[in-house]
Amino acid sequence: MEFENYEWYKTGKVTVRHGDREIIGTDTDWLKGGIRKGDVFVLDNVPYEIDEVIGSTSLSLVKEFAGESAGGKDYAIIPRAKAVLLSELALNLAQTVKNWNTREASYQERFRNLENRTQVIDTLGLYIDDDGDLSQGDSQRTSLLSILSAPVASSADTQQMLDEVFSGSNG
């Protein structure tokens, strides 16, 4: 990971209290400095996630400050920049890939069902005649492509057509 032009915010001093989530700044300007939720507050080499920037001299942490109470301390804030955004992007990309794979599996299942139906149509010698009815026989067969591009009939219509074919009546 590169840290070019990656500046930590270190302006002013802070006052911290053990067990408290609020950090008080002196000569800080966290609002103008672009500090925001998710940035990392570091004091005595211990990182804390910032929960909220309350004002230019006040912010709160996600977890309580575990160190000793003190005033006038040097600190640093690591902006939530490239590393965090890239991890968020990676999570979003992983979810997108998962969604895509789920949809692809659904489409693959549909194609398998369509292929099975196509094999049944070919095996039975079914075709669409000039009137648009489903018929049986080898003469006047319409190509499979035109069958697949035709509007899909309801299950009742399909049953009626199959009944006609197998009863020997052609409408």
**Report entry** Point-to-point distance, once rounded to the nearest 0.5 Å, from OH of Y9 to CD1 of I77
**Finding:** 7.5 Å
Atom pairs and distances, side-chain donor-acceptor, residues 53-69, under 3.5 Å, sequence neighbours left out:
residue: S56; atom: OG; partner: D29; partner atom: OD1; Å: 2.9
residue: S58; atom: OG; partner: E22; partner atom: OE2; Å: 2.8
residue: S69; atom: OG; partner: H18; partner atom: N; Å: 2.8

Requested in this report: Apply side chain to side chain contact (heavy atoms under 4.5 Å, CB included) to V97 and list each qualifying residue two or more places apart in sequence or on a separate chain.
Outcome: L93, N101
**Report entry** With F41, the side chain to side chain contact (heavy atoms under 4.5 Å, CB included) member among I78, I35, I50, D51
**Finding:** I50
Query raised in the report: Quick one: does Y48's side chain get under 4.5 Å of V16's, heavy atoms only?
Result: no
Query raised in the report: For Y75, which of T28, D44, V42 qualifies under side chain to side chain contact (heavy atoms under 4.5 Å, CB included)?
Result: T28
Report task. Look at atom CZ of R17 and say whether more than 12 heavy atoms of other residues, nucleotides or ligands are closer to it than 6.0 Å. Result -> no
Requested in this report: Could you please spell out the steps behind the side chain to side chain contact (heavy atoms under 4.5 Å, CB included) verdict for K73 and T15?
Outcome: CA-CA 6 Å; K73 299 280 288 183; T15 298; over 6 Å; no
Requested in this report: Evaluate the side chain to side chain contact (heavy atoms under 4.5 Å, CB included) criterion for residues W30 and I23: first the C-alpha distance (whole Å), next the side-chain angles of each, then the deciding distance (0.1 Å), finally the verdict.
Outcome: CA-CA 11 Å; W30 291 326; I23 305 296; 4.1 Å; yes
